[in-house]
Each structure stands twice: as structure tokens, then as C-alpha cells.
Amino acid sequence: MQDAITTLINSSDMQGRYLDDTSLENLQSYFRSGDLRARAAMSISANTSKIVTKTVAKALLYTDITGPGGNMYTCRRYAACIRDMEYFFRHATYALLSGDPSLSDERLLTALKETYNSLGVPVGATVRSVQAMKEVVNEMLGADAGREMGVCFDHICSGLG
Amino acid sequence: MSIITQAIANADREARYLSRGELNNISYFFQDGQQRLRIASILTNNVQLIVEKGSQRFWQRCSITPSNSGNATFQASCLRDQGWFLRLISYAVVVGDIDPIQASGVKGAKEMYNSLEIPLRNVAECMRCLKEVTLDLLSLEDAAEVAPYFDYLIQGLMP
């Protein structure tokens, strides 16, 4: 697993270079944003279920997907859906802390699209709900932290799309 | 792995968010970040000086060693390796963990130097000299941050 720091170190090590000024500046701004990230992670973990509820209301609840024939129909599927949303959310929070959106690749996004396709889960609706999650989080955390989380959510969307 | 990825990996194994304690530790890590970056750039800007002084001290202490035998290749390799080890130390300072030293510097190092017929005792002594001249350059507080990484490296190279 890599974060903003280890990513830079590993690539410098492969080239046998010391961390150059650009890398150090990048890390400096990452460390400076650390307080913001840690605070955001703290308030997120206290509010996950609320955020998921709002997200479902925003993107999925009043659409065909929750009715008979939809992929969230029957409680079992509904439950699986909100569980997955919590996964996305948790991994986006990890990525926020690490400062490297690609952190989600290894444990969340690898083969996720294929899994969803084989289970018949509509990827379009999933992406829509991740986008809705982004909006909900943005309202809750404010612009700065919201923007950082937005980057992580967008990365998840592009992994699905 | 940094303290951040370490905490994330632990949390993910249990499918939970990071605990308050873990987040507090990460916050401290962020706060100390500027100091660690400053130390790393001091090391980076003084590589040549450190390696030069370190080698002189080393050859005084261990005059009978391949790099001091008059063989230019051996001498150049010795200087190069010192630069490499110092680089790994600078990474470790930045990430706040021994991981870069362990992964790229210590694992397999004994086997490599043995097969090259370079006495490990001398390699370790060389690192000790490198440590001494590096710490001379730093303030007391910065030196206290860097020293443990050198100690780990030296320990890992001891025969």
C-alpha cells in the first residue's frame, strides 16, 4: 500500500535520486494539509450512516432501481447496496488520509467492475451514487475537505467507469 | 509503509474507520512533517561533503580495506554506496519509518558484501563514520531524529 510519501520515495529510489525540491514541496503541502485531512476523517467516521442515508435518498431512493425489477429490490439487495456504499466511503476516507487517491486501487477497485458486471449490478447507478456521495460530503465537510474527498470519489468513479 | 498506510492497513483488515488514537498519531506525524523534510533537505544538500568526510574518517580508522587499497573502482564503489545509504536514511527520515532502509538497504546486504569479499565489519564501521559526520552537521534536536536510523542500518550490516 502506498501513500503520498511512500509513492515519492519508491519512485525516487528506483531512479537512485534524492528527493528533489519539487518532491519536498509536494510533501510539504501534504503535511500542511494534514490537519484538515485528519479532522475530516474524524467527522466522517462519526457520521457514516447519516451520509449513506442522505446519499441513497439523493441518488437512488426515488428511482426505478428500488422498485420490483430494480437492482435494489428486495431488502437483501438493498442491504448489499448500502454495504458497498459504506465500503466506497471508507476507502475514500483512507485515500483522503494517505493523500493518494490510487490507494483505493489495490483493495477496492481491482476487478470491482468485473465483479459488478457478473453480479448484474448496474455500474451507471453505482457511479451516480458515488457522485451523490461526493455532494453530500461536500455539504458536510465544507469546501476544502470536500474538494479533497471529491478527488478520491472521482478516482473511484473512473475505476468503475 | 508510513504510519498512515500502516494504520489504514490495520483498519481495513477489520473493515473499520481509523480510531481516534490512530488519527491523533497521524496528526502528530503531520505536525512533525516540516522538521523531517527540513532534515532531509539538509542531508540532500550536503551529500558530497558528508560522503567525503565520512570516507576520510573511515580510511583513517580502517586503513586496510578494499576501498583504500589503491583500486580506483573499489574506491568509487565505496563512495557510491555511502551516497546510497545516506539516501535511504533521508527517505526514512521523511517517512518516519525504517522501511526504506530495510527494504532497499539491509535486506540481502550481508550476502552481497560477503560475496563481493568486502569485510562487513568495515562496512559497518564506514556507516558509523558516516553517522558521526552527519550528526556533526545537525542541531541536537535534528541529530536525535536521524541517529536511530543510522543505528538501525549499522545493526543490519553487522557481521
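A, B, ... follow the sequence lines: proteins, then strands. Residue 1 opens every chain.
Your options are A/Met42, A/Arg17, A/Gln28, A/Arg90, and the one with the most heavy-atom pairs under 4.5 Å with chain B is A/Arg90. By number of non-hydrogen pairs under 4.5 angstrom with chain A, the leading residue of B/Ala40, B/Ser2, B/Ser90 is B/Ser2. Most heavy-atom pairs under 4.5 Å with chain A: of the set B/Ser19, B/Ala103, B/Ser27, B/Ala9, this distinction falls to B/Ala9. Between chain A and the options B/Val94, B/Asn24, B/Ile26, the largest number of non-hydrogen pairs under 4.5 Å is found for B/Val94. Taking A/Glu86, A/Arg37, A/His91, A/Arg39 one by one and counting their heavy-atom pairs under 4.5 Å with chain B, the maximum is reached by A/His91. Considering only heavy-atom pairs separated by less than 4.5 Å from chain B, the leading option among A/Ser33, A/Ala41, A/Ser45, A/Ala38 is A/Ser45. Ranked by heavy-atom pairs shorter than 4.5 Å toward chain B, the options A/Thr48, A/Leu103, A/Asp100 are led by A/Thr48.
At most 12 heavy atoms of other shown residues, nucleotides or ligands fall within 6.0 angstrom of atom CZ in B/Arg20. The environment of OH in A/Tyr116 is crowded: more than 12 heavy-atom neighbours from other residues, nucleotides or ligands sit within 6.0 Å. For B/Glu14, the CD atom sits in a packed shell: over 12 heavy atoms of surrounding residues, nucleotides or ligands are nearer than 6.0 Å. Shown here is B/Gln35, whose CD atom has more than 12 heavy atoms of other residues, nucleotides or ligands within 6.0 Å. No more than 12 heavy atoms of other residues, nucleotides or ligands sit less than 6.0 Å from atom CG of A/Asp21. More than 12 heavy-atom neighbours from other residues, nucleotides or ligands sit within 6.0 angstrom of CZ on B/Arg61. For A/Lys58, the NZ atom sits in a packed shell: over 12 heavy atoms of surrounding residues, nucleotides or ligands are nearer than 6.0 Å. Heavy-atom neighbours of A/Leu119 CG from other residues, nucleotides or ligands within 6.0 Å: above the threshold of 12.
Proximity to chain A (any heavy atom under 4.5 Å) is restricted, for B/Arg16, to the backbone atoms N, CA, C and O. For A/Leu8, no part lies near chain B; criterion is any non-hydrogen pair under 4.5 Å. Proximity to chain B involves both the backbone and the side chain of A/Ser98, based on heavy atoms less than 4.5 angstrom apart. If you measure heavy-atom distances from B/Ala11 to chain A, the contacts under 4.5 Å come from both the backbone and the side chain. Both the backbone and the side chain of B/Ala15 have a heavy atom closer than 4.5 Å to some heavy atom of chain A. Looking at A/Ile5, the atoms closer than 4.5 Å to chain B (heavy atoms on both sides) all sit in the side chain, from C-beta outward. The parts of A/Phe89 that come within reach of chain B are both its backbone and its side chain, each placing non-hydrogen atoms under 4.5 angstrom from that chain. When heavy atoms are compared at a cutoff of 4.5 Å, B/Leu88 approaches chain A solely by way of its side chain, counted from C-beta outward.
Cluster membership for B/Tyr149 and B/Leu135, using ILVMFWY side-chain heavy atoms within less than 4.5 angstrom, is shared. Linking Ile, Leu, Val, Met, Phe, Trp and Tyr residues whenever their side-chain heavy atoms come within less than 4.5 Å leaves A/Val151 and A/Leu36 in two separate clusters. By the rule that hydrophobic residues join a cluster once side-chain heavy atoms approach within less than 4.5 Å of another member, B/Trp84 and B/Ile154 end up as members of separate clusters. No continuous path of ILVMFWY side-chain contacts below 4.5 Å connects B/Phe74 to B/Leu116, so the two sit in separate hydrophobic clusters. A/Val123 and A/Tyr73 are not part of a single hydrophobic cluster, where members link through side-chain heavy atoms under 4.5 Å apart.
Taking all atoms of both residues into account, the shortest heavy-atom contact from A/Leu24 to B/Ser41 is CD1-CB, 3.7 Å. Looking at every heavy atom in both residues, A/Asp13 comes nearest to B/Tyr91 through N-OH, 3.2 Å.
Annotation: A/Phe31 is in aromatic contact with B/Phe29 [ring centroid separation under 6.0 Å].
You'll find the side chain of A/Asp35 stays beyond 4.5 Å of the side chain of B/Phe30, heavy atoms only. In this structure, the side chains of B/Gln34 and A/Arg32 come closer than 4.5 Å at one or more pairs of heavy atoms. Counting only heavy atoms from C-beta outward, the side chains of B/Leu23 and A/Leu97 approach each other to under 4.5 Å. Between B/Ile8 and A/Met1, some side-chain heavy-atom pair lies under the 4.5 Å cut-off. Looking at A/Thr6 and B/Ile4, their side chains never come closer than 4.5 Å, going by heavy atoms from C-beta outward. Side chains of B/Arg87 and A/Leu19 form no contact here, defined as non-hydrogen atoms less than 4.5 Å apart.
A donor-acceptor pair is defined here as one N or O able to donate and one able to accept, closer than 3.5 Å; such a pair exists between the side chain of A/Tyr18 and the backbone of B/Gly83. Looking at A/Tyr94, its side chain does come within 3.5 Å of a backbone N or O of B/Asp12 through a donor-acceptor pair.
Within the model, atoms CD1 of A/Ile44 and CG of B/Leu18 stand 11.5 Å from one another, a figure rounded to the nearest 0.5 Å.
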